[in-house]
Amino acid sequence: METLTRTELLLRRTGSQALGTQAQAASPEAAVGRLFALQGQDLPGVLWSLGLRSGATQEQVRTAFDSGALVRTWPFRGTLHVLAAEDVHWLLAMTVERTLRSAARRRAELGLDDRTVEQARAVARDALADRSALGRKELLARFEGAGIRTSGQRGYHLLWHLSVSGTTVLGPFKGAEQQFVLLEEWVPRRRGLEGDAALAEVVRRYFRGRSPATAADLAWWTKLPVTAIRRGIAACGNGLEKVEYDGGVHWQPVPPVTEETRMRTAVLLPGFDEYLLGYTDRSAALAAEHAPLTVPGSNGVFKPTLVLRGRISGVWSRKTSRASTEVTVHPFRPLNGRDWKAVEAAALGYGQFLGTPVTLRRA
């Protein structure tokens with residue numbers, strides 16, 4: 001079994017994640033095809049995640065949603081993710097039972113019984129029929145109009161429940177907001193995956209977009225039972241191989257995705273990017289002393305990060321107007337001239353994605 005250094009591990013992950021200089025995906029759709037699912041609770045951030053991985057502009061990424069090729073919904077960990085539309089039906093069928101069971105107590109605390117949920121489903125189906133689309137506030141207003149209280153997180157939970165159970169999905173944009181649509185109308189075509197074939201697809205796609213990674217990483221990312229993960233790995237047969245890093249077994253596709261990858265010197269990642277969120281053990285890229293600066297208070301909110309040669313080396317923030325964007329970088333250590341030039345190039349790429357000028361300053 002091959003043993004990897006940290007540099008080799010990060011180089012291969014950079015390539016798998018479509019973040020290398022020669023590993024970019026051809027389009028936002030191809031980037032999602034590579035990574036399978038990208039955590040998407042921060043909508044501006046996940047649009048940039050796709051722009052980084054494909055070279056697309058923000059408008060081009062939005063077009064991929066407007067066309068129906070990409071959607072957002074809640075397939076893993078009860079959290080919003082971006083998916084290829086063709087993967088929604090079978091993936092929700094795999095995860096819905098565990099996801100809803102995990103939320104049963106919260107549903108009871110909110111006073112949402114089965115009758116109320118089904119009433120909300122009927123309202124949503126009527127409001128969104130014939131490929132109609134509504135924003136969150138508009139759909140909640142329809143619930144209220146039908147006598148369904150939406151205050152105190154009840155509304156959010158109803159929207160979540162309807163999407164997890166396959167009635168609605170977030171699809172096209174209206175302004176800066178994604179609209180809810182009916183899944184069966186917006187994504188009429190279904191892939192017929194189930195059982196071990198579906199498990200193998202999850203395993204294969206996860207490792208294709210994040211390898212090398214461990215079975216524990218995958219179990220955390222999907223929240224599927226470890227026994228199911230093992231069955232999925234076995235079902236991949238010779239399509240996966242083991243490598244060793246830091247004394248642990250990691251998996252990667254055969255052949256590895258990253259043979260021709262070259263690591264970018266600097267990358268400005270959005271918060272919640274899969275480069276960190278894709279793993280339960282993030283120590284290869286993120287030093288322990290820098291974790292509190294990246295996730296202050298361990299509150300689960302990941303700041304946008306500066307990556308230098310594969311390592312998390314700072315955080316950044318932005319102030320945006322219609323005419324321009326100011327990016328402020330907070331490096332964890334002083335940067336030399338060469339590294340700062342690489343950061344400037346990364347900021348220029350961000351401006352090209354936004355379609356507005358970017359000014360860069362160092363905190």
Side-chain angles (χ1 to χ4, degrees), residues 16-18 25-40 46 49-50 53-54 61 63-100 121 125 128 131 133 160-172 178 180-211 218-219 221-225 228-240 251 253-254 257 274 278:
S16 295
Q17 293 245 359
S27 64
E29 297 91 333
V32 176
R34 168 76 68 84
L35 272 87
F36 182 38
L38 292 86
Q39 186 154 326
V46 78
S49 286
L50 293 174
R53 288 169 167 85
S54 64
V61 177
T63 296
F65 288 95
D66 292 342
S67 72
L70 302 180
V71 297
R72 276 195 310 157
T73 192
W74 288 262
F76 295 120
R77 306 192 305 280
T79 302
L80 270 167
H81 286 72
V82 174
L83 290 171
E86 65 180 13
D87 289 321
V88 175
H89 289 285
W90 69 267
L91 189 53
L92 288 179
M94 171 189 284
T95 60
V96 59
E97 183 178 350
R98 287 177 62 85
T99 302
L100 293 183
R121 195 186 311 278
R125 282 178 171 155
L128 301 174
R131 291 179 67 84
W160 175 87
H161 190 109
L162 296 183
S163 289
V164 167
S165 53
T167 298
T168 56
V169 70
L170 284 161
Q178 254 187 308
F180 283 95
V181 290
L182 289 179
L183 175 59
E184 61 190 15
E185 291 186 357
W186 193 250
V187 189
R189 298 180 62 181
R190 301 171 179 239
R191 293 185 67 194
L193 286 173
E194 58 185 13
D196 283 357
L199 276 175
E201 181 77 351
V202 170
V203 170
R204 180 182 66 82
R205 299 274 291 283
Y206 172 84
F207 286 123
R208 183 171 184 265
R210 291 161 186 80
S211 66
L218 174 54
W221 188 76
T222 59
K223 284 295 185 282
L224 292 173
I229 297 300
R230 290 173 180 161
R231 282 207 326 274
I233 289 175
C236 289
N238 295 330
L240 297 176
W251 294 89
V254 179
V257 174
E274 290 290 327

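Between the side chain of R98 and the backbone N or O of K223 there is at least one donor-acceptor pair closer than 3.5 Å. Listed for the S211 side chain is no donor-acceptor partner under 3.5 Å among the backbone atoms of R208.
The nearest pair of heavy atoms linking P172 to D66 is CA-OD1, 3.4 Å. Considering every non-hydrogen atom in both T167 and R121, the closest pair reads OG1-NH1, 2.6 Å. Of all the heavy atoms in L91 and P75, the pair that sits closest is CD2-CB, 3.8 Å. Closest heavy-atom contact between C236 and V203: SG-CG1, 3.8 Å. Between S16 and L35, the shortest heavy-atom contact is O-CD1, 4.3 Å. In terms of heavy-atom proximity, E29 sits nearest to A69 at CG-CB, 3.7 Å.
The side-chain heavy atoms of E86 and R189, taken from C-beta on, include no pair separated by under 4.5 Å. Under the 4.5 Å side-chain criterion, counting only non-hydrogen atoms from C-beta, W186 is not in contact with L128. Residues T222 and Y206 have side chains not in contact (no heavy-atom distance under 4.5 Å, counting atoms from C-beta outward). Annotation: side chain of E274 is not in contact with side chain of F36 (no heavy-atom distance under 4.5 Å). Counting heavy atoms from C-beta outward, R53 and R34 have side chains that stay 4.5 Å or more apart. In this structure, V202 and W90 have side chains that are in contact, with non-hydrogen atoms separated by less than 4.5 Å. Side-chain contact between V96 and V164: present, with at least one pair of heavy atoms (C-beta onward) separated by less than 4.5 Å. Counting heavy atoms from C-beta outward, Q39 and V46 have side chains that stay 4.5 Å or more apart.
The aromatic rings of F180 and W74 sit parallel, their planes meeting at an angle under 30°, below the 60° perpendicular limit. By the 30° and 60° cut-offs, the orientation of the rings of F76 relative to H81 is perpendicular.
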Query raised in the report: Stepwise, does the side chain to side chain contact (heavy atoms under 4.5 Å, CB included) test hold for L224 with M94?
Result: CA-CA 10 Å; L224 292 173; M94 171 189 284; 4.1 Å; yes
Requested in this report: Could you walk me through whether I229 and W221 pass side chain to side chain contact (heavy atoms under 4.5 Å, CB included), step by step?
Outcome: CA-CA 11 Å; I229 297 300; W221 188 76; over 6 Å; no
Query raised in the report: Hey, mind stepping through L50 and L70 against side chain to side chain contact (heavy atoms under 4.5 Å, CB included) and telling me if it holds?
Result: CA-CA 11 Å; L50 293 174; L70 302 180; 4.1 Å; yes
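Heavy atoms of other residues, nucleotides or ligands lying less than 6.0 angstrom from CZ of R190 number 12 at most.
One distance of note links NE2 of H89 with OG1 of T73; it measures 10.5 Å at 0.5 Å rounding. Considering CG of L38 and CG of L80, their distance stands at 12.5 Å, rounded to 0.5 Å. Distance check: D87 CG to R191 CZ gives 5.5 Å after rounding to the nearest 0.5 Å. Distance check: L162 CG to L182 CG gives 10.0 Å after rounding to the nearest 0.5 Å. With rounding to the nearest 0.5 angstrom, the OG1 atom of T168 is 10.5 Å from the CD atom of E184. Remark: R205 CZ to R210 CZ distance equals 10.0 Å, nearest 0.5 Å.
Side-chain atoms of S27 and S54 include no donor-acceptor pair closer than 3.5 Å.
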